[in-house]
Amino acid sequence: MPRTSKRFEFIPPYLFAEIDKKKAAAIARGVDIINLGIGDPDKPTFSHIVEAMHKAIDDPSTHNYPPYEGIARFRQAVATWYQTRFGVTLDPVEEVVSLIGSKEGIAHLLSAYLDPGDIVLVPSPGYPVYKMGTILTGGTPYYIPLKESNGFLPELDSIPEDIAKKAKIFYVNYPNNPTAAVADLKFYIKLVAWAKKFDLLIASDLAYSEMTYDGYIAPSILEVEGAKDIAIEFHSLSKSFNMTGWRIGMAVGNKEAIRALGTIKTNVDSGIFKAIQEAGIVALTTPAPQIEQNNLVYKERRDVLTDGLNRLGWTLSPIKATFYVWAPVPKGYDSASFCSKVLEDCGIVVVPGSGYGPEGEGYFRIALTESVQRIEEALLRLKEKGIRYIA
Ligand SMILES: *Cc1c(COP(=O)(O)O)cnc(C)c1O
């Protein structure tokens, strides 16, 4: 067998390998595992979307190759959704492309823009695809630290000018995985001006825009005047409609970037099953109260978990968006040793922050993907084992 590529060898050991091993061992011992690890909704896809799929799959016209860029009505549904949700006007032909889940688009964009060694600005902590996609495309990730003291927003003025000049793409993601931080329109206004100064493409990842609480409404970067000159935005039906397994998302915004991404995709995939796009059209017309109802489930879990951890010494504020709680590990631990301890002593899976970049060290991420009863059980186990937060 030939050797794998140098790029391939850059792939770090799987983030969750150690946790998975310990989890498997715990299950073998008969431990009742509470899984607050992965960011995958535990509820089924909304039933009106499943029904639309049933209907579409019986129609033979959905069975052949779809258009690469997405069927016209899906792209129109995306444009209509952006108009009603954000007040952003998009040309469904030139400014919208369908994605087989936003992850592939986030990764494939890089093939269109990077020559070997080109710099990509990658938030730390951040969704691992930004960094790994860059490395697998032959580019060089440059970490932009997200600090709690700055609300986990990048400090644009601290980014060295020579790096900003050389960089091609900057990934930003608000509401944020893993920190649950949110960005307001003022931040995006500043970011757009900054990106224009340095001739950068902003790649905004808006996967969590609909998963919000307490009346918070997440903006799109495209609401900023002139943002389309320099921004592409990724969106996904995965989180908002409990559709992670369906693999459907979209990229919108700057025409050239949409065309470039589409060209790469034309050469590596053949689009999304048309029946899934039909279901996607229905998903995008889901009445707001139904999304709100789904969010109330997470809100209740958030309240129970936040109050419970705060009784154990943490001082967390309730999150405004996403389904993640990002918390510091107690004194005496690093991210990995704390997550191992919680798994071994309590049978609870949480994720070490260090897996999301160097600035994630010292934190762990809890996903609100189990019921209130199970979250209460998890809190009880922590208490019984004397696990508390000590600064
Ligand atoms: C879940 C998630 C996505 C969406 O992934 P899909 O491929 O659309 O399922 C994108 N970005 C972030 C930050 C995520 O957490």
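Bear in mind the structure is a predicted one, so any value in this text is a computation, not a measurement. The figures here come from the full heavy-atom set of this structure, side chains too, leaving out hydrogens, waters and symmetry mates. One-based numbering, in listed order, for ligands and for the atoms of each.
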**Q** Tell me, with the steps shown, if K239 and Y208 meet side-chain hydrogen bond (donor to acceptor under 3.5 Å, both in side chains).
**A** CA-CA 7 Å; K239 310 289 163 52; Y208 294 95; 2.9 Å; yes
**Q** Look only at interatomic distance and state if K103 has a nitrogen or oxygen under 3.5 Å from any nitrogen or oxygen of ligand 1.
**A**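 N/O-N/O distance below 3.5 Å exists for this pair.
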**Q** What orientation do Y130 and Y127 show, parallel under 30°, tilted 30 to 60°, or perpendicular over 60°?
**A**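 Rings of Y130 and Y127: perpendicular, as their planes differ by over 60°.
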**Q** Just to be sure I read this right, does ligand 1 sit under 4.0 Å from the backbone of Y208, its side chain, both, or neither, counting only heavy atoms?
**A**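 Side chain only.
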**Q** Between the side chains of E233 and S220, is a donor N or O closer than 3.5 angstrom to an acceptor N or O?
**A**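 Yes, because at least one side-chain N or O of E233 sits under 3.5 Å from a partner of the opposite role on S220.
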**Q** With atoms numbered from 1 as shown, which atoms in ligand 1 lie under 4.0 angstrom from a non-hydrogen atom of G101?
**A**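 Answer, ordered by atom number: 7 (O), 8 (O).
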**Q** Centres of the F198 and F170 rings: under 6.0 Å?
**A**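 Ring-ring flag for F198/F170: false, centres at least 6.0 Å apart.
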**Q** Check this for me - ligand 1, D205, N or O atoms closer than 3.5 angstrom, yes or no?
**A**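 Yes; at least one N/O pair falls below 3.5 Å.
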**Q** Please state which option from R247, M250, H235, K239 has its nearest heavy atom closest to atom 2 (C) of ligand 1.
**A**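 Nearest option to atom 2 (C) of ligand 1, by heavy atoms: K239.
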**Q** Could you check whether E278 pairs with K274 (Lys NZ or Arg NE/NH1/NH2 to Asp/Glu carboxylate O, under 4.0 Å)?
**A**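 So E278 does not pair with K274 through a salt bridge.
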**Q** Can you list the atoms of ligand 1 that are under 4.0 Å from a heavy atom of N173?
**A**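 Result: 13 (C).
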**Q** At a non-hydrogen distance cut-off of under 4.0 Å, which region of E104 contacts ligand 1 (side chain, backbone, both, or neither)?
**A**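 Looking at E104 and ligand 1, no heavy atom falls under 4.0 Å.
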**Q** With only distance considered, is T244 within less than 3.5 Å of ligand 1 through an N or O on each side?
**A**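 N/O-N/O distance below 3.5 Å does not exist for this pair.
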**Q** If we ignore hydrogens and angles and just use 3.5 Å, is the side chain of R365 paired with the main-chain N or O of P178 as donor and acceptor?
**A**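 Not at all, since once roles are kept as given, no pair shorter than 3.5 Å links the two residues.
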**Q** Regarding atom 9 (O) of ligand 1: of the candidates S238, A207, G249, P41, which has the closest heavy atom?
**A**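 That would be S238.
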**Q** With under 30° as parallel and over 60° as perpendicular, where do the rings of Y298 and Y213 fit, or are they tilted in between?
**A**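 Y298 vs Y213 ring planes: perpendicular.
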**Q** Of the side chain and backbone of S102, name the one, both, or neither that has a heavy atom under 4.0 Å from an atom of ligand 1.
**A**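 Near ligand 1, S102 shows its backbone as well as its side chain.
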